[in-house]
Each structure stands twice: as structure tokens, then as C-alpha cells.
Amino acid sequence: MRLLTGSARLAGVIGWPVAHSRSPRLHGTWLARYDIDGAYLPLPVAPADFSAVVRALVKAGFMGANVTIPHKEAAFALCDVVEPSAARAGAVNTLVFEHGKIKGSNTDGAGFVANLRAHGVNPTGQALLLGAGGAARAIAAALQDAGMSVSVCNRTPERAAALARELPGLKTLAWEQRAAALADCALLVNTTALGMAKQPPLVMDLSKAASHLVVTDIVYAPLQTPLLIEAKARGLQIVSGLGMLLHQAVPGFAAWFGVTPVVDDELYAIVAGGLS
Ligand SMILES: NC(=O)c1ccc[n+]([C@@H]2O[C@H](COP(=O)([O-])OP(=O)(O)OC[C@H]3O[C@@H](n4cnc5c(N)ncnc54)[C@H](OP(=O)(O)O)[C@@H]3O)[C@@H](O)[C@H]2O)c1
């Protein structure tokens with residue numbers, strides 16, 4: 001085990017709550033692997049304290065931080081510099097502190113696409129996204145940037161319509177149309193919270209799916225959601241959500257600790273530890 005020196009680099013994840021976060025385990029594995037003089041901490045911060053804490057971290061010499069629920073929009077508002085990835089997503093999940101300034105980016109969309117590519121999936125053709133929340137927005141923008149044509153189905157249609165206003169070219173469909181819309185799709189993405197532990201499963205009829213449909217779920221607890229289990233039983237290719245978490249972490253780690261880390265099976269197994 002490497003002991004920290006007085007010039008150790010510091011970063012962390014700010015959330016409320018944050019105890020469930022797998023990010024300390026993920027970054028801690030990389031810090032150990034690359035023998036870096038640095039630490040990555042869980043930082044539980046209530047919404048009312050968010051901006052004061054971020055400004056204090058800047059003053060305390062932190063390199064930056066990840067931001068998770070419920071702070072991603074507040075982080076967007078706080079940044080001195082917002083990168084295009086965050087502007088497209090309307091939210092920030094990665095903060096880098098440079099010369100006293102706060103720079104924000106959003107790595108969720110790029111992490112999602114990198115995870116697809118790592119599984120041999122080339123994002124082309126038609127994608128159907130279920131959900132229109134923060135993660136959906138980042139993923140829809142990244143899939144459009146990769147060249148896909150994207151449709152969104154959301155329980156609350158107004159939220160899908162708002163997303164379509166932000167991302168020109170995005171199509172919206174009624175929630176009830178989700179099964180029929182599958183016929184022309186190359187990619188199905190569940191970005192809703194349905195299927196998470198303690199949430200109801202996603203009800204999704206896959207009978208109209210083309211045989212080349214790739215089914216992905218960004219929920220990663222459990223690792224194999226009911227949607228993925230059903231897709232696999234039908235012989236469809238599946239991509240689970242934990243890989244997105246691993247890939248979205250790469251740019252932050254590189255900026256804070258100066259090493260571009262590798263996502264591999266060993267990392268996956270360590271971060272997945274304890275998930276069913
Ligand atoms: N793998 C990763 O790295 C990663 C990264 C980010 C997020 N996530 C996961 O992605 C999920 C969504 O995160 P988020 O930040 O986008 O959340 P969010 O902004 O709160 O959006 C939640 C979405 O789920 C839908 N939803 C919730 N309950 C529903 C129900 N009973 N029936 C139909 N739709 C329902 C909502 O629809 P309405 O608009 O109708 O309410 C909305 O579209 C979470 O499970 C989160 O843990 C994973």
C-alpha cells in the first residue's frame with residue numbers, strides 16, 4: 001500500500017447520499033494500479049451546501065470532483081467554463097479545478113458510447129431510448145453525435161418533448177408505442193430507473209425486435225436487469241450498464257491524476273463486487 005505524501009492529489013465524488021457510490025472503489029483501484037500519490041473520497045454534501053463545498057474544495061487544492069445525484073444541474077450553473085459535452089447534456093458530472101476556475105464536462109454520453117464500442121457495437125442506424133431524464137439527455141446527444149438517429153419514449157410526454165427541443169432531430173414517441181417502435185431499431189437503451197433494485201421491472205415487449213437489435217440498460221444494480229435477462233433469452237446481444245460507469249470515469253481520472261487509465265475485465269470484476 002502506498003502512503004500519501006503532503007503533495008498528494010485529491011479528488012472525490014459529491015452526492016447526497018453518496019454511500020451507495022461505486023466511484024471510490026473504481027478510482028481507488030486505478031490509484032493503486034498506477035501507484036499514484038493521490039486519493040479519491042466520498043463527499044456527502046446536502047444540496048444547500050453544494051456551491052460552498054465546491055468553492056472550498058477549490059481553495060483546499062483539490063484537483064476536481066465527480067458530481068452525482070442530485071447535484072448535476074447545480075454543478076452546471078456553478079462552472080466558470082462549461083465544455084460542449086455538458087452544454088449538450090444540460091448537466092455536469094465531472095469538475096476540474098484549474099488556476100482557481102471550475103471547469104465542467106459531462107462524460108456520461110461518451111462513456112455510454114465507449115462502452116458500446118468496447119462490446120463491438122458500432123453506433124449506426126436507429127436508436128430507441130426509454131426515458132427522458134438527465135442520463136437520457138447525455139446519451140441521446142452522444143448517440144446523435146456518433147451518427148445515430150434517435151427516438152425517445154417517456155412516460156411523461158412533456159419531458160420527451162422538452163428533450164426534442166434541446167436536441168434538434170430527436171423524435172418522440174408515446175410510451176405506449178415503445179414495443180411497436182422496435183421493429184426498425186438497431187439499439188434499445190433503458191435510461192429509466194425501472195429494473196433497479198427496489199424498483200418495478202421495465203415492462204417491454206421484445207417480440208418485434210429485429211435479430212440484430214442490441215439491448216442495453218444503464219441500470220447496473222442488479223448487473224443483469226429483467227430487460228437484459230429477457231433480451232438474452234431471445235438471443236439478442238446485450239450490454240450491461242456497469243461498463244458505462246467505468247468508461248465515463250476515464251477523462252476525470254486522467255485530468256486529476258495525470259494517467260489515462262485502462263478499463264478492463266479485472267476493473268469490472270472489482271467494481272462489480274457485491275452486485276448480483
Ligand atoms: N450506468 C451509469 O453510469 C449511469 C449513469 C447515470 C445514471 N444511471 C442510472 O440511470 C437511471 C436514470 O438516471 P437519471 O439521472 O436520468 O434519472 P432521472 O433524471 O430522475 O430520470 C428518470 C427517468 O426514469 C423514468 N421513470 C421513473 N420511474 C418510472 C416509471 N415507474 N415508469 C416509467 N418511467 C419511469 C422517468 O420518467 P418520467 O419523466 O415520466 O418521470 C425519467 O425518464 C438511474 O437508475 C441511474 O442510476 C446510470
Side-chain angles (χ1 to χ4, degrees), residues 13 15-23 25-27 66-76 85-86 89-94 105-116 118-119 128-143 150-164 166-167 170 172-179 189-204 215-228 238-253 263 267-268 271-272 275:
V13 54
W16 186 255
V18 85
H20 66 282
S21 174
R22 297 251 149 189
S23 292
R25 182 190 282 238
L26 163 56
H27 287 272
N66 282 128
V67 176
T68 189
I69 292 170
H71 300 308
K72 289 184 181 183
E73 281 80 19
F76 181 81
S85 59
V92 158
N93 75 343
T94 304
S105 61
N106 191 310
T107 63
D108 278 338
F112 178 82
V113 170
N115 188 40
L116 282 185
H119 285 81
L128 177 64
L129 256 66
L130 306 179
R137 181 167 164 172
I139 291 170
L143 289 176
V150 180
S151 300
V152 166
C153 266
N154 195 50
R155 175 182 61 176
T156 308
E158 295 76 17
R159 221 167 160 198
L163 199 60
E166 297 291 334
L167 300 176
L170 193 88
T172 60
L173 298 165
W175 183 242
E176 296 70 31
Q177 290 176 285
R178 63 194 186 282
V189 191
N190 176 38
T191 76
T192 74
L194 295 172
M196 254 174 102
K198 298 185 187 149
Q199 292 277 336
L202 169 69
V203 177
M204 181 73 201
V215 178
T216 67
D217 202 324
I218 70 164
V219 168
Y220 59 80
L223 289 170
Q224 298 291 313
T225 61
L227 173 69
L228 294 180
I238 60 167
V239 178
S240 64
L242 189 65
M244 170 182 168
L245 181 78
L246 307 186
H247 284 280
Q248 65 77 32
V250 170
F253 189 92
V263 174
L267 181 77
Y268 188 98
V271 179
L275 293 173

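Both ligands and their constituent atoms are indexed starting at 1 by order of listing. We're numbering straight along the sequence, starting at 1.
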Handout entry: Heavy-atom pair of closest approach, residues His247 and Ala118
Key = NE2-CB, 3.8 Å
Handout entry: Close side-chain approach of Ile218 and Val189, heavy atoms under 4.5 Å
Key = yes
Problem - Leu143 side chain reached by Leu116 side chain, heavy atoms, under 4.5 Å - result: yes
Practice task
Please examine the side chains of Val215 and Met204, heavy atoms only from C-beta on, and report whether any two atoms are closer than 4.5 Å.
Solution key: no
Handout entry: Gly131: numbered ligand 1 atoms lying under 4.0 Å from its heavy atoms
Key = 43 (O)
Problem - 4.0 Å protein heavy-atom contact status of atom 22 (C) of ligand 1, strictly under - result: no
Problem - Non-hydrogen side-chain atoms of Leu173 and Arg178 separated by less than 4.5 Å - result: no
Problem - Heteroatom distance test (Lys72, ligand 1): nitrogen or oxygen, under 3.5 angstrom - result: no
Practice task
Decide whether an N or O pair under 3.5 Å exists between Met244 and ligand 1.
Solution key: no
Completion exercise
Closest to atom 33 (C) of ligand 1 among protein heavy atoms sits Leu194 CD1, 3.5 Å
Exercise for the section: Please tell me if the side chains of Thr216 and His119 come closer than 4.5 Å, counting only heavy atoms from C-beta onward. Expected result: no
Problem - N or O pair under 3.5 Å between Gly241 and ligand 1 - result: yes
Problem - Polar contact flag for Arg159 and ligand 1 (N/O pairs, less than 3.5 Å) - result: yes
Handout entry: Residue Gly133 vicinity, atoms of ligand 1 by number, heavy atom under 4.0 Å
Key = 16 (O), 19 (O), 21 (O), 43 (O)
Exercise for the section: Mark up the atoms of ligand 1 that fall under 4.0 Å of a heavy atom belonging to Met196, in ascending order. Expected result: 45 (O)
Practice task
Go through the steps for Val219 and Gln199 under the test side chain to side chain contact (heavy atoms under 4.5 Å, CB included), then give the verdict.
Solution key: CA-CA 11 Å; Val219 168; Gln199 292 277 336; over 6 Å; no
Practice task
Kindly determine whether Asp217 and Thr225 satisfy side chain to side chain donor-acceptor pair (under 3.5 Å), including the steps that lead there.
Solution key: CA-CA 7 Å; Asp217 202 324; Thr225 61; 2.7 Å; yes
Problem - Sub-4.5 Å side-chain heavy-atom contact between Trp175 and Thr156 - result: no
Problem - pair Pro70-Trp16: side-chain heavy atoms closer than 4.5 Å - result: yes
Handout entry: Closest protein heavy atom (residue, atom, distance) for atom 6 (C) of ligand 1
Key = Ala135 CB, 4.0 Å
Handout entry: Side chain, backbone, both or neither: Ala132 near ligand 1, heavy atoms under 4.0 Å
Key = backbone
Problem - Distance, nearest 0.5 Å, that separates CG of Leu242 from CD of Gln224 - result: 11.0 Å
Exercise for the section: Within a distance under 4.0 Å of any heavy atom of Thr191, pick out the atoms of ligand 1 and give their elements. Expected result: 11 (C), 12 (C)
Handout entry: Numbered atoms of ligand 1 (with element) below 4.0 Å of Ala193, judged on heavy atoms
Key = 24 (O), 45 (O)
Exercise for the section: Please check if a non-hydrogen protein atom sits closer than 4.0 Å to atom 17 (O) of ligand 1. Expected result: no
Exercise for the section: Give the intermediate values and the outcome of side chain to side chain contact (heavy atoms under 4.5 Å, CB included) for residues Leu246 and Asn115. Expected result: CA-CA 8 Å; Leu246 307 186; Asn115 188 40; over 6 Å; no
Practice task
Measure the distance from atom 43 (O) of ligand 1 to every protein heavy atom, then report the residue, atom name and distance (to 0.1 Å) of the closest one.
Solution key: Asn154 OD1, 2.7 Å
Handout entry: Protein residue, atom and distance nearest to atom 9 (C) of ligand 1, heavy-atom basis
Key = Ile218 CD1, 3.8 Å
Problem - N/O separation below 3.5 Å, Thr156 to ligand 1 - result: yes
Handout entry: Contact (N/O only, under 3.5 Å) between Arg155 and ligand 1
Key = yes
Handout entry: Residue Gly134 vicinity, atoms of ligand 1 by number, heavy atom under 4.0 Å
Key = 16 (O), 19 (O)
Practice task
Side-chain contact test, heavy atoms from C-beta onward, threshold under 4.5 Å: evaluate it for Asn106 versus Val92 and give yes or no.
Solution key: no
Practice task
Please report which non-hydrogen protein atom sits nearest to atom 25 (C) of ligand 1, along with the residue it belongs to and the distance in Å to one decimal place.
Solution key: Thr192 CB, 3.7 Å
Problem - Is_contact(atom 2 (C) of ligand 1), protein non-hydrogen, under 4.0 Å - result: yes
